[in-house]
Amino acid sequence: MIFSRVVGTGSFLPGTPVTNEDLVARGIDTSHKWIVERTGICARYLAEPSQTSSELALAASLAALNAAGLQANDIDLVIVATSTPDFVFPSTATLLQAKLGMDNGAAAFDVQAVCSGFVYALAVADKFIHSGSHRRALVVGAEVFSRILDWKDRSTCVLFGDGAGAVILEACGTPGILATALHADGRYNEILSVPGNVCGGAVIGSPFVQMEGQAVFKFAVKVLDDVAQEVLLAAGIDAAALDWLIPHQANMRIIQATARRLGVPMANVVTTVAEHGNTSAASVPLALDAAVRDGRIRPGQTLLLEGVGGGFTWGAALLRF
Ligand code: ACO
């Protein structure tokens, strides 16, 4: 049987932190107190107008390749999860492939599952490797969410940030990834969306994030618990055996509620939402890489990664690091 395991992680954040006070200074009608009490967010990173998702992805990918001791052409599958691609097409994954100097004909494509995107991409890569068709995958979550924020809408613009995270998955004889589960319910597509498109040279609809915050909150807490239980059951592992829970970093209160329901102490939860804000598909690999690099996550530990986002989509991956 072929399994997959993570052999390297990397991440990248553009520029310098933009604090809640910085947003107030930029004229947004908000306060540090309001943002931090409701979300736990203290700062976020915002890309320069010239910086694209593929550029952030490149920096994160080089760090992951370096951690794995691999060259770009050692990769035979590139998957980028993003809701803020550089272009309508070609995919951000192929742009990343070119920036990495890859010329080995590796498969490359994007996954669009908004804030669940990285977990979706990881599960897809695991299945490719499990099937025997591919041996080494570069899986990236990369976003410039600041591009799709209406900076006059204080109820959304304070929540998000930009960044990228990457992992290298490699075929091996023992897992690695123990279980994955992916779900979506399109009936809830309107509670979190950017309901616009490009048509005839113009934007039709809205090019900005729209969100029903309280509906998202309730939905996220419920499905994150359900999908966590699903992968734990599939792998025959008790939540008490988890070394680390690495949930999507949308909001500290959602993270706390998820941990409470699972019975995982907050000391075993990786959180970066205070420093990064919500970086959508980049949030889980950014948090993973932060905890790998500061030594909290160690080889042999059991990790639960979870995503939830627009669509509505949600998913989880349980893995032995
Ligand atoms: N600063 C100050 N006041 C604000 C701000 C702001 N940035 N934004 C909204 N307000 C005001 C509103 O205008 C409203 O004022 P009013 O009572 O005078 O009308 C008041 O605050 C309350 O607004 P609500 O929208 O009801 O605020 P709520 O307590 O629901 O908090 C929040 C909003 C933080 C978004 C909350 O609903 C939440 O945490 N939702 C989860 C959604 C989330 O985290 N989304 C992230 C993306 S989704 C994802 O990644 C899965």
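One-based numbering, in listed order, for ligands and for the atoms of each. Along the sequence shown, residues are numbered consecutively beginning with 1.
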Protein residues that have a heavy atom under 4.0 Å from any atom of ligand 1, sorted by chain and number: Asp29, Thr30, Trp34, Arg38, Thr39, Cys115, Arg154, Ser155, Val158, Phe160, Leu192, Met211, Gly213, Gln214, Val216, Phe217, His248, Ala250, Asn251, Arg253, Ile254, Asn278, Val308, Gly309

Would you please say whether a donor-acceptor pair under 3.5 Å links the side chains of [X] and [Y]?
X	Y	result
Thr180	Asp126	no
Thr82	Glu143	yes
Gln249	Thr271	no

So Ile177 and His130, side-chain contact (heavy atoms from CB on, under 4.5 Å) or not? Walk me through it. CA-CA 10 Å; Ile177 293 195; His130 196 51; over 6 Å; no

Between Ile75 and Ile129, is there a shared hydrophobic cluster once you connect ILVMFWY residues whose side-chain heavy atoms come closer than 4.5 Å? no

Only pairs at least two apart or in different chains count here, so list each salt bridge (charged side-chain N to carboxylate O under 4.0 Å, His left out) that has a residue in residues 170-197. Arg136-Glu170, Asp185-Arg187

